[in-house]
There are 2 protein chains.
Amino acid sequence: MKNWLIVFISSVIVGGTLHAQKAKRPNIILFLVDDMGWQDTSEPFWKEKTPLNKIYRTPSMERLAKEGMKFTNAYAAPVCTPSRVSLMTGMNTGHHGVTNWTSPLLNTPTDQKDDQFETADWNYNGLSPVPGVPYTIYATTFPQLLKDAGYFTVHVGKAHWGSQGTPGANPNNMGFIVNIGGGAAGQEQSYYGEENYGNKPGIYSVRATPGLQDYYGTNTFLTEALTREALKAIETPISRNEPFYLNMAHFALHVPVQPDPRFIEHYKDLDPEEAAYATLIEGMDKSLGDIMDFLKKKGVAENTIIIFMSDNGGLSITNRGGKPNTQNQPLKAGKGSVNEGGIREPMIVKWPGVVRGGTVTNQYVIIEDFFPTILEMAGIKNYKLVQQIDGQSFVPLLKNPNQTQNTRSLIWHIPNKWIKDDAGPGINYYSAIRKGDWKLIYSLRTGKTELYNLKTDIGEEKDLASGNADRCRLLTTELFHQLKEWKAPMPVEKTTGKPLPFPVE
Amino acid sequence: MKNWLIVFISSVIVGGTLHAQKAKRPNIILFLVDDMGWQDTSEPFWKEKTPLNKIYRTPSMERLAKEGMKFTNAYAAPVCTPSRVSLMTGMNTGHHGVTNWTSPLLNTPTDQKDDQFETADWNYNGLSPVPGVPYTIYATTFPQLLKDAGYFTVHVGKAHWGSQGTPGANPNNMGFIVNIGGGAAGQEQSYYGEENYGNKPGIYSVRATPGLQDYYGTNTFLTEALTREALKAIETPISRNEPFYLNMAHFALHVPVQPDPRFIEHYKDLDPEEAAYATLIEGMDKSLGDIMDFLKKKGVAENTIIIFMSDNGGLSITNRGGKPNTQNQPLKAGKGSVNEGGIREPMIVKWPGVVRGGTVTNQYVIIEDFFPTILEMAGIKNYKLVQQIDGQSFVPLLKNPNQTQNTRSLIWHIPNKWIKDDAGPGINYYSAIRKGDWKLIYSLRTGKTELYNLKTDIGEEKDLASGNADRCRLLTTELFHQLKEWKAPMPVEKTTGKPLPFPVE
């Protein structure tokens, strides 16, 4: 046999195999916005374009929706760490027990003082990739599985999975090869390069964003700096023809709501706080567009999945213009609430070759579903986890947007006092369950239930509990049976010093 | 032809080729210590064990020397950024023009005030990987070339290549895929995890080390935290069978000289400052040992080159015990000085299969030589650079330690006022040249020359200038012809407002 023949044959076979393998492994970008409400976009997620949709400018989201599938009933937890831990672990909030946001400081529950309750026994140090760290949930993260399977994993921006002094504070411990700016902080100290993103003596706090020294003193807005670093980081796997996972987790739109000077003139007619907020949205959207353009330029857009998501509802209590709790209309309330304004998210998935552009699904999904979905997208099967996951892959839905599943129940559980009393409906000490179009809300403080039909009443205005006692009982039972099985933390009654018993029969 | 035959043949060929290719590409670790003097070790670099060698404990360095080649005449620049930029660019200090340490703050020359001179026109914003940044040297870095060639490049610890607000502040712009803790700062604010390495409101400064949040509040000494992060980072390329370059750049032994509690009991008999310094040394040495153990455990020790080096001489003026300028004996002076104490470094190279263990070379080499050497080690040829390099590969020396080359000239040039007057000999406004055993030192302030024969007078005690006018003239001419050709910065005379002319005929 001639040598050239051997070489030729081997090239064809091996080249072919490698190529086929690579083609099977898409790049995946999770574009995760912080505190973005369901209406903080010009892309309508409701049946009609709302007044809020008309205020904001998000052409890149519109473009993404044209190229992908829009989810009108996508959910997260009402506050950020619970959502982010659900995302990383595939577990429901009630199951992983990180039920409130984690302080950057170790062993520091963030709950407000309350007359009736002591702090629940929740995992206030967050998520840990190693066992034995007090007050954490020990779990296997999906980025670790992606990395183990050969993905080049990059985290950029807000992490907020664990407190300082625990392994969970460091994205490099969570399966990320590269970390830009991620740590224990749940928000930025400053969006401004001129302020070194908070790394200045005097204005420095535990919220200062690390790792962006080359932008210090420049007029580079934080959203822009993170985007540039993200593109630089994914250039490595692209140039090596390796699949990558990018966790593009913006600090925007979190308070402090500081205006982005690049866009402020677009919002001259708004009151200053709302105008500033709108510039944060537009800067975030520019980031999305820049990433999409970059993928196209590099020739990998057709093999890259983009998942757009927010981690909780839009803030509707402070630092925003207008009357409180109107910022997510038609949804009720906002961040912190188990009402729709606190948990329903703008979600879009682009998956070239799989998802048909411009499609819409009304099927409900929740943040813990991302875990099995992303692993399925990457073709990773039979993985080993230390935890039981609760999420379900929505890959079938991506392949068929008309698929419906109304028997599944989604659960929310916040046995915490996130903020002072009377901030808005559905905030502090609530559990909730959605099944089909029905949603039951249970006040852990009073034991009162509310029942809404979301199909006819997206604004949760008409409480149907009194006329539907059976349905309420069934949903309440299911809700708390599940939470009991998960050993979910419960508020501790001051009178007894014990956790509130699960209200199950 | 049967299918199994094709598969078999292709596996053999391709498997074999890949294996051979990988075997050709060694991992490379540069273990770069900060401010470590030639005598800050129990491994003797002189002809005999000195009293200083008897104080310090560096068993890992002894082990490395047994497994590699010891360089007794290895040089760097007298202060850190000049050395680090020479390392990254392959250029001499006088050529790249970063002749003093760079401030973390933009556009801030670090020179002390002087009666005779204004600040020279040096590149006080450091090294830049992109053109057009004021007061920087634009150059191609060798880590970028390694990365481009498929190396997995990791920077850990002190970078100090450029000021905040310039691209050079960020190791990710310098060819590093992963950066842990590197930025514009030239020193740590604190070695203590208990102090969050300086990231605490109140003690925070521009010197706070970023990116180590999971160690905050713990008793993890900075040297230890960086080592653990380094091992985590190189686990990725090891598990993927990719060659890696690790820039393990410790902040130790830089001031503040804070005792490492793990080792303090070994030095009870020393005065507290010297004891603290000795613990920094021992912690650094433990890091080296941990890395060597890790490589062995992972089965890659035999394919990993380790280069041990320091960036300038040991500090001999403040924050150390004993009489000033005795800390590097038998060498004269210390950090900041063009005398041997300021520039001669402890250097060891282990290269399994190439370098014979326990060998010693007395041939002189200098920090800019690392650039072509490391690229040659990695098998990278015909690379394109935007700069002309001055360094020469010492790979031939590694293969034959007895090789000598006495016609080459090494040059030092510090047209800066690093520190207040009279701190020690050879400090502030000096140039120097070594050729063979002869070394000429030229004071830019006075025009006075000193001449030493290092073979017979390592301590530079006997100035031979007066009896060797011809030799002095020749060396002075060569020194300043070269500096003139490089357009080296020169101190600006206050009387004329112009740079000092080069003293060439």
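To find a chain, count down the sequence lines: A is the first, B the second, and so on, and within it residues start at 1. Everything quoted here is computed from the prediction, not taken from an experiment.
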Portion of Lys147(A) that has a non-hydrogen atom of chain B nearer than 4.5 angstrom: both
Contact class of Pro167(A) relative to chain B, heavy atoms under 4.5 angstrom: backbone
Toward chain A, the part of Thr218(B) with a non-hydrogen atom under 4.5 Å: side chain
Positive for side chain to side chain contact (heavy atoms under 4.5 Å, CB included) with Val178(B), one of Val178(A), Asn179(A), Thr236(A): Val178(A)
Tyr204(B) atom OH, neighbour heavy-atom count above 12 within 6.0 Å: yes
Pairwise distance OG(Ser163(B)) to OH(Tyr216(A)) - rounded to 0.5 angstrom: 13.5 Å
Which portion of Glu229(A) sits near chain B, non-hydrogen atoms under 4.5 angstrom: side chain
Exercise: identify the closest heavy-atom pair between Thr166(B) and Asp214(A): O-CB, 2.9 Å
Options Pro210(B), Gly211(B), Pro171(B), Ala169(B), ranked by heavy-atom pairs under 4.5 Å with chain A, top entry: Ala169(B)
Polar side-chain atom of Gln213(A) near backbone of Ala184(B) as donor-acceptor pair, under 3.5 Å: yes
Asn196(A) versus chain B, the contacting section by heavy-atom distance below 4.5 Å: side chain
Chain A contact via Leu106(B) - side chain, backbone, both or neither, heavy atoms under 4.5 Å: neither
Heavy-atom neighbours of Tyr192(B) OH exceed 12 at 6.0 Å: yes
Segment of Ile180(B) engaging chain A (4.5 angstrom heavy-atom cut-off): side chain
Student check: side-chain heavy atoms of Gln164(B) and Asn199(A) closer than 4.5 Å: no
Nearest heavy-atom neighbours spanning Asn172(A) and Lys232(B): O-CD, 3.5 Å
Contacting region of Ser239(A) [heavy-atom separation from chain B under 4.5 Å]: neither
Inter-residue atom distance Arg240(A).CZ - Arg240(B).CZ, 0.5 Å rounding: 9.5 Å
Parallel, tilted or perpendicular: ring planes of Phe152(A) versus Phe152(B), cut at 30 and 60 degrees: tilted
